[in-house]
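Below is one structure; the comments refer to it alone.
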Amino acid sequence: MPGADDTAGDTVSTAQTGEQTEPATYDVHAAQDKWRSVWDALDPFRALDDGSKPRRYALTMFPYPSGDLHMGHGEVLALHDVLARYWRLRGCDVLNPIGWDSFGLPAENAAIRRREHPAVYTYANIEVQAESLRRYAVSFDWSRRLHTSDPDYYRWTQWLFLRFREQGLAYRKASYVNWCPNDQTVLANEQVVAGACERCGAVVTKRELTQWYFRITAYAQRLLDDMSLLEGHWPDRVLTMQRNWIGRSEGAFADFAVDGADGRRHDPLRVFTTRPDTLFGATFMVVAPESPLAADLVSDDQRAAFEAYLADTQRATEIERLSTERPKTGVFLGAYATNPATGGRIPIWAADYVLADYGTGAIMAVPAQDQRDWDFAVAHDLPIVRTVQPPSDFAGEAYLGDGAAINSANDEINLDGLDVDAAKARIAEWLETSGLGERTVNYRLRDWLLSRQRYWGCPIPIVHCGDCGEVPVPDYQLPVELPHLSGTDLVPQGTSPLAAATDWVQTRCPQCGGPARRDTDTMDTFVDSSWYFLRYCSPNYADGPYDPEVANRWMPAANYFGGAEHAVLHLLYFRFFTKVLHDIGMLDAAEPTESLVNQGQVINQGNRMSKSRGNGVDLGEQIDNFGVDAVRLTMVFSGPPEDDVDWADVSPGGSLRFLHRVWRLAHDVISPVGVDAIDGHEPLRRVTHRTVHDVEQLIEGRRFNVAVARLMELVNATRKAIDSGPGGADPAVREAVEVTAQLLSMVAPHTAEEMWETLGHQPTVACTDWPTVDPALLVEQSVTCVVQVQGKVRARLEVAPDVGDAELERLALADEQVQRVVDGRPVRRVIVRAPSLVNLVV
RNA sequence: GCUCCUGUAGCCCAAUCGGCAGAGGCAGACGGCUUAAACCCGUCCCAGUGUGGGUUCGAUUCCCACCAGGAGCACCA
């Protein structure tokens, strides 16, 4: 492990100073054990929810139970706990819950390997992580602990699914879906990254399956609009990613009459376009090969060619299909449409550069104004007609810019000469009045595919009956519990392992009582994590997923800590759930969290930690070596929360030395408890009060690293006061050290408790009140004014903070050094920024 | 290819509104403490802010271009 060798000298000393009268060293590990049991006994972190204090909900993304906690957990938990503890010191009733996202594939795969039930691995890991979390001293309210794989929890996931279904927000449809051949299950669009499975990296293929979806598209506009509530409180990066993902685009539908060459009648072919102004330039049409439109339109003599092309398309991987370098392939369908603007007869092709599930699955191809269509036209020798005049020096192919419309007139409408925006408006109006189309808004966002063909997830509470069809399991029968399957029962077969549990699958139809089959898919685990923050509010509530009255007292969460990798996954889904629950009257909040912080990653030597690089750092080992407080301090102090921490660049050994230094301050205080600081050494008091004031501002701004630096300054000033100032008996020293213990408790809780006790107080420092700042001590008595000549500093003046501009100018001009530099030249201009600066221009 | 973010001391990072470039830490040097070493204490060293322009009395901060690193998007009609 890099870093351990050169810092071995800093490792924690064990208690070996028995014969000494005074403890010379601070035994970090003994302090950890001691305070853990005190906190367990006092239970100071339980949310009261009694209205005695203002409520604050501190939320952090709950862990998935894979092995023990790692360095990444160490970072996010340290940061998150600073806020939770800060709010507690500020007098808030803090809800700081913990739970586990405990359904999911890794446990299932482990169960297959180990020939056991996934619950064994899952709950064993949870215990390991719970123990580590307690050791790490995160100020969680353990009484609210939950696991999404508990029947008591997933009962309500099922209940919510049924409410969504009642609202028309959960439905089943057949479609071409993303299939991960490795995990043997379908995936939502959000879980496919660059054509590969977001979880395992396998190249995703397409399958036609009937699956359950959540109608998140119905909330596309709301998800966009409500970003105004998050602006400035959520990272721009996340909002940008969500905006891109939702992909709103404004345009129009246009209907093209289809000319049934083979004598069949066809409905008009409807297309979505963002450039209705280019309608006159539409020289052919393209439909997605997988779209039912293609199979419907194809003529008998082209059918064989089309089917061969469709088969080719489906062989191609997502990655190949997404490549823009790929030549534009396609096949003529033997059908023609009529361009509604020109009346021209244009051919209809099928080509895989058109997507079946975006827009209508068909486009009007305008090669002159769209490069993709241009490429296709060139490849297949189709006509190109410019309808926007490119600039005279335009050297490209398709012209996408603004310009005057040309070749765009018929008996009813004339766009020629209009710029793009004006032409769009004019033609949209014409389409609408002539019944050929309408203005519309289209989104890139697709519905959320939630079925999964795996075992260790929440069963979908639906029964399929031969007579009644899809029947919801009645609420009183929930939960639909998982059948007990383990080991080889779980080997993926392409269908859910639940299908093989015949006793479980066979059931009675809740409606007609006849024989029926249970739905054998489980839900995407992102469903489980879309509402866990609400269950925390009333974890034992038995009449619903949560008590709305209680949830409304806490929600929205004041802050959410978690990784940016969930920008268009969890963070989109849980906004969606929140909005649906809001709409059905179960929640007042429109957004789940007021603010969001994406912590950086913990890396090592410039790289992500990985087994293959051999640069892994183990959180447990770091804690063994340096102690919990030093590791937490290192995480918090390393830099801004959103920046990566390179473990090779930081110094847990240095953090531990700092903690020793702070700890000794408490032993050097020799004034009695309760002594009035008012008569104490004023310069130190000024530092103390300034520090409290600044730390408050800094924590509010999530600038934890700078807050720690301020605290270090206070510690340095206090040391100096003890050793070479007024000495340890001065009341100001006690004040400074008490404040230090309080502020330190946010980051290094054990050390802070040790100090608090040494200072003669009862535990726990975590529950004390934020120190009151005396504003008089913040006012500077004098400030240094810089006098510049030509922008260069030439003199410094000690002046009163409230000095006037005129007075300051007079003082500056009178300064001997300034006069020497000015050297009799006329002063052309004087800029005065009282009280800190005067600049003379000569 | 397009968009956004970030470049400050050997290293990690600070620097309200444009106003003295350094708060804090790491590493390093020297001194004190020590039988000695470590711990500890003290003192010191170290950059003109990626590069080039512009605006300004004054630029790390604002604007433009470029370089480097990171992130996001990339057949969505």
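In what follows, chains are A, B, ... by sequence order, proteins preceding strands, each numbered from 1.
The aromatic rings of A/Trp663 and A/His667 are tilted relative to each other, their planes meeting at an angle between 30° and 60°. Ring geometry for A/Tyr358 against A/Phe272 counts as perpendicular: the plane angle is over 60°, on a 0 to 90° scale with 30° as the lower cut.
Between A/Ser249 and B/rA77 there is a side-chain N or O to OP1 or OP2 distance below 4.0 Å. Of the side-chain N and O atoms in A/Arg237, none sit less than 4.0 angstrom from OP1 or OP2 of B/rG72. For A/Arg661, a side-chain nitrogen or oxygen approaches OP1 or OP2 of B/rC41 to under 4.0 Å. Checking the phosphate oxygens (OP1, OP2) of B/rG42, no side-chain nitrogen or oxygen of A/Asn716 falls inside 4.0 Å. For A/Arg703 and B/rU16, the shortest distance from a side-chain N or O to OP1 or OP2 is not below 4.0 Å. For A/Arg657, a side-chain nitrogen or oxygen approaches OP1 or OP2 of B/rC26 to under 4.0 Å. Between A/Asn705 and the phosphate of B/rA14, there is a side-chain N or O to OP1/OP2 separation shorter than 4.0 Å. Between A/Arg833 and B/rC57, a side-chain N or O to OP1/OP2 separation shorter than 4.0 Å is absent.
With P as the reference atom, B/rA27 and B/rC11 are 15 Å apart, rounded to whole Å. Straight-line distance between the C1' atoms of B/rG10 and B/rC66: roughly 27 Å, to the nearest whole Å. B/rC13 and B/rG54 have their P atoms separated by 32 Å, given to the nearest Å. Taking atom C1' in both B/rG69 and B/rU56, one finds a spacing of 31 Å when rounded to whole Å. When the C1' atom is compared between B/rA38 and B/rC33, the two are found 12 Å apart, to the nearest whole Å. For B/rC64 and B/rC75, the P atoms lie 29 Å apart once the distance is rounded to whole Å. Of the P atoms belonging to B/rC45 and B/rG24, the separation is 14 Å, rounded to the nearest Å. Separation of the P atoms belonging to B/rU35 and B/rU43 is 25 Å when rounded to the nearest angstrom.
For A/Lys328, the listed nucleotide lying nearest its side chain is B/rC75; candidates were B/rA77, B/rC40, B/rC75. In the set B/rG25, B/rA23, B/rC41, the nucleotide with an atom closest to the side chain of A/Arg710 is B/rA23. In the set B/rA77, B/rG24, B/rC41, the nucleotide with an atom closest to the side chain of A/Asp723 is B/rC41. Side-chain atoms of A/Met712 lie closest to B/rG24 of the nucleotides B/rC75, B/rG24, B/rC57. With B/rA77, B/rG72, B/rG25 as the candidates, the nucleotide lying closest to the side chain of A/Ile363 is B/rA77. Side chain of A/Val706, nearest nucleotide from B/rG19, B/rA23, B/rA77: B/rA23.
Ion pairing between a basic and an acidic side chain is recognised when a charged N comes within 4.0 Å of a carboxylate O; A/Asp277 and A/Arg275 show such pairing. Checked for salt-bridge contact, A/Glu696 and A/Arg710 miss the test: no charged N lies under 4.0 Å from a carboxylate O. One finds a salt bridge joining A/Asp668 and A/Arg719 here, because a Lys/Arg side-chain nitrogen approaches an Asp/Glu carboxylate oxygen to under 4.0 Å.
Pair assignment for B/rU60 gives none, since no Watson-Crick or G-U wobble pairing has each distance under 3.5 Å. Within the shown strands, nothing qualifies as a pairing partner of B/rA21 under the Watson-Crick or G-U definition with both distances less than 3.5 Å. The base-pairing partner of B/rC30, taking Watson-Crick or G-U wobble contacts with both distances under 3.5 Å, is B/rG42. When both pairing distances are held under 3.5 Å, B/rU51 makes a Watson-Crick or G-U pair with B/rA65. Base pairing of B/rC75 is not made with any nucleotide, judged by Watson-Crick or G-U wobble geometry with both donor-acceptor distances under 3.5 Å. Pairing for B/rC4 is with B/rG70, a Watson-Crick or G-U wobble pair whose two hydrogen-bonding atom distances lie under 3.5 Å. Base pairing analysis places B/rU16 opposite nothing; no Watson-Crick or G-U wobble pair with both distances below 3.5 Å involves it.
In this structure, A/Arg719 atom CZ and B/rU43 atom P are separated by 13 Å, rounded to whole Å. Rounded to whole angstrom, the span from the CG atom of A/Asn244 across to the P atom of B/rA71 amounts to 17 Å. Straight-line distance from the CD atom of A/Glu809 to the C1' atom of B/rC57: 13 Å, rounded to whole Å. The CG-P distance, from A/Asp643 to B/rG69, rounds to 18 Å in whole Å. The distance from atom CG of A/Leu400 to atom P of B/rG1 is 18 Å, rounded to the nearest whole Å. Atom CZ in A/Arg444 sits about 14 Å away from atom P in B/rG72, given to the nearest Å. Atoms CD (A/Glu190) and C1' (B/rG72) sit 16 Å apart, rounded to a whole Å. In this structure, A/Asn607 atom CG and B/rG69 atom C1' are separated by 13 Å, rounded to whole Å.
Put simply, the side chain of A/Asp649 and the base of B/rC12 share no donor and acceptor less than 3.5 Å apart. A donor and an acceptor atom never sit less than 3.5 Å apart when one is taken from the side chain of A/Gln790 and the other from the base of B/rG58.
Between A/Phe658 and A/Phe637, the gap from one ring centroid to the other reaches at least 6.0 Å.
Across all strands, A/Arg828 comes closer than 4.0 Å to no nucleic acid atom at all (heavy-atom distances). Residue-level contact check: A/Thr240 touches neither bases nor backbone, having no heavy atom under 4.0 Å from any strand. Counting any heavy atom pair closer than 4.0 Å across all strands shown, A/Arg446 reaches a base atom.
Checking A/Thr329 against A/Tyr309 by side-chain atom types alone, a donor-acceptor pair falls below 3.5 Å. There is no side-chain donor-acceptor pair under 3.5 Å between A/Glu190 and A/Trp448.
Taking the centre and axis of the six-membered ring of A/Tyr353, the NZ or CZ atom of A/Lys328 falls inside the cone set by 45° and 6.0 Å.
In this structure, B/rC17 is classed as syn because its glycosidic torsion stays within 90° of zero. The glycosidic torsion of B/rG48 lies within 90° of 0, which places this base in the syn conformation.
Comparing A/Leu840 and A/Asp644 along RNA chain B, the residue whose closest nucleotide (by nearest heavy atom) sits nearer the 5' end is A/Asp644. Both A/Asp370 and A/Ser638 sit near RNA chain B, but only A/Ser638 has its closest nucleotide nearer the 5' end.
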